[in-house]
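In listed order, ligands and their atoms are each counted from 1. Numbers here are sequence positions counted from 1.
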Amino acid sequence: MMRAYLTRYLGLFFIAAVIVPSVILSLMAVRAVNHEEAYLEKRLEKTLLEEVDHTVILLKNILNEIEKELSLTLDSSFQNGALSVFAQWKKSSSLVEVPFLLSKEKEVLLPNINQSLTNDELVFLENNWEFFSDQKPIPVYENIVDAYKDTILVESKKLKQKNRLAEKKKEVTLGYNYKDADKNVSFSQARYSSQSANIEQQQALNTFQESEPVRKEVYKQAKGKGDVLSYRTVLLNDRNRVADDMEQTEKLQSILIAEEFKFSEIIKNKSEGIIPRFIEGKLRHFFWKKAENGRIAGCIINEEILKEKIINTLPNVITRLRILNILDENGNPLVRFDDKTDRDWKRPFVSREIGEVLPRWEAAIFLSNPDHIRSRAHFTSMIMSILIFILFVSILAGGFLVLSSMYGEMKLAKQKTTFVANVSHELKTPITSIHMFAEMLKEKRQPDVKKQQQYLDIIVSETERLARLINNVLDFSRMGQKKKNIYSKRTVDLVELVKDIIETQKVRLEHNGFDVHFYVSCQELPVFIDAESIKQALLNLLSNAEKYSDNIKKIETEVLCEEGLAVVNIKDRGIGINPSSSKKIFQQFYRTDNSLTSRVRGTGLGLTIVQRIAQAHKGEILYFPHEGGGSIFQLRLPVHRSEK
Ligand code: ADP
């Protein structure tokens, strides 16, 4: 009772303690696995952005060097306007495409319109004289972070304060003492005020890049002030597109704002510089330098050479993981590959604008194999899923095995208890009757000789029953120990053996109201057996036929000679066996559950022993329902052919 109770609760405990947590854990693990791709992407994005930022710095340095080179190679005597100086300059630097000289009043002295001009010089004059003579202003680019540094810092402070306030509110509601936190704030503010302008610049840039609300506010203010805002050449990357956000455009706002200035305004307060200018959609660069007499010399920079210089300074353009490239004002890559993949150069994995001198240009990184992250994430997810699955199945299987073995153990323990009770009872019953009848005979209380004979018969049959029971128990324990050679086999005539058994049992069975029949289909049937064991098996079968017969008491025994097979059928007209139990009856301690079996005592070992004996003789024991009611037990043994 207690055990059944325990078992039921054990099942519930198992579900609660093992299955529920493992299901929850598995679900959590599966969720984590699903985010693997995004996580890998984020990590990679961070590393690659650092590389892009580094490239931007590199390019800015190259432009500085170009400016230096052009300034150094231009002889200071240029202010005299000697043609030879400019020819020499062009020779000494491949960057010089068309040199020019402007008078103090911004008149173009060189190339000289009155002399014969090359095609390049003609185009140059045509495109630029209006600009040089201050008749046509051009857009000058400025980094919005530089232009609005203070706004960004103020906005960022506001945002921080807002966040801090929200946090404080949280702390107050949670009942925390936040005095210490305040101290930290004032300390950091003190430190902040001593920061150099450079650091402030970096801070503003970081805030601008990281904070969407600050970005929005700054663009709003710039637009309000009439600055020209533009879009970048690169488009939003696939992974950053939000499918259900309809407002999201593919275009990205440029970090550069433009304002129109005349040439003289641009060069005011400076001695030399590089001016970027879009001419018919193409970005060109002018180098200029002021002389002491107010004249200005310069050149249009050879774009091919400029690009070449940039390409040559790019570190490790292609690696196994990524491709580093520079995109020009039209979004075309500077470094061309014929890797045949139809890469969308307008959608890099990460990119940054280079800056004021190279407006619309981008330093960009593309993944060498865009599917790499996906397949890596997929691979990791797959491995993790398999592991989770194996773990889950193992937990379930392990739990199931533990439970079922516990159930099995409990069942066995219960069967053993019943077995002990049954064996004691089975021993007690014959001993009681033997004792009773032996005492009656000893005290000569029964004068009738016929009755005396009957008493003796009962004593004999009860002794046999006792012997059989003890044999069964002994056999069972011997078999359990798996000892070898417990059988001493010899060739025996099975017909003779069965006939003997029936003859000895017939009197008692008939006395108990049984109709006993015996058929043999052949004269002789040699089998190689341990006669005592086979006898015990047949006695067990006969005893069962007797025990489990109720109204019709009829036992038929057949010995049949089949091809190479000796068959003994023991048929009764008893209660029969339910098909659902017919397989289990051979299990140890198993007894069917019905009114007769509960009345008839047994150990549940008889058929187990019969089966083991049959198997030890390379034979088998089968059960068939008897047509018309009852059971048939069939013992099949191989026929022994003596070699001649
Ligand atoms: P037991 O000591 O209970 O007889 P057995 O191993 O000999 O143990 O038999 C196992 C069970 O098989 C019995 O409890 C009984 O329910 C069923 N059984 C065996 N023989 C017969 C039969 N001839 N007729 C009906 N039921 C039988």
(request) Give the numbers and elements of all ligand 1 atoms closer than 4.0 Å to a heavy atom of Leu605. (result) 6 (O), 8 (O)
(request) Considering the heavy atoms of Lys547, write down every atom of ligand 1 situated less than 4.0 Å from one of them. (result) 1 (P), 2 (O), 4 (O)
(request) Report, in ascending order of atom number, the atoms of ligand 1 lying under 4.0 Å from any heavy atom of Thr603. (result) 1 (P), 2 (O)
(request) Could you tell me whether His617 and Phe528 have their ring centroids closer than 6.0 angstrom? (result) no
(request) Taking atom NZ of Lys489 as the centre, report whether more than 12 heavy atoms of other residues, nucleotides or ligands fall under 6.0 Å from it. (result) yes
(request) Within a distance under 4.0 Å of any heavy atom of Thr592, pick out the atoms of ligand 1 and give their elements. (result) 14 (O), 15 (C), 16 (O)
(message) Heavy atom to atom 1 (P) of ligand 1, shortest distance: which of Tyr623, Tyr548, Tyr590 holds it?
(response) Tyr548
(message) Are any of the N/O atoms on Ile577, whether in the backbone or the side chain, positioned under 3.5 angstrom from an N/O atom of ligand 1?
(response) no
(message) Any heavy atom of Gly574 closer to ligand 1 than 4.0 angstrom?
(response) no
(message) I need the full list of ring pair (Phe, Tyr, Trp, His ring centres under 6.0 Å) pairs touching residues 385-404, with sequence neighbours left out, sorted by first then second residue.
(response) none
(request) May I ask you to say whether Glu546 pairs ionically with Lys553, meaning some side-chain N is under 4.0 Å from a carboxylate O? (result) no
(request) Specify the closest pair of heavy atoms between Glu462 and Ile434, including all atoms of both residues, with the distance to one decimal. (result) CB-CG1, 3.6 Å
(request) Flag the pair Tyr623 / Phe633 as yes when their ring centroid distance falls below 6.0 Å, and as no otherwise. (result) yes
(message) Any nitrogen or oxygen of Thr608, side chain or backbone, less than 3.5 Å from one on ligand 1?
(response) no
(request) Give a yes/no on ligand 1: does Phe633 have at least one heavy atom closer than 4.0 angstrom to it? (result) yes
(request) Could you tell me whether Glu556 and Arg573 make a salt bridge, using a distance below 4.0 angstrom between a side-chain N and a carboxylate O? (result) no
(request) May I ask you to check if ligand 1 and Leu607 share an N or O to N or O distance below 3.5 Å? (result) yes
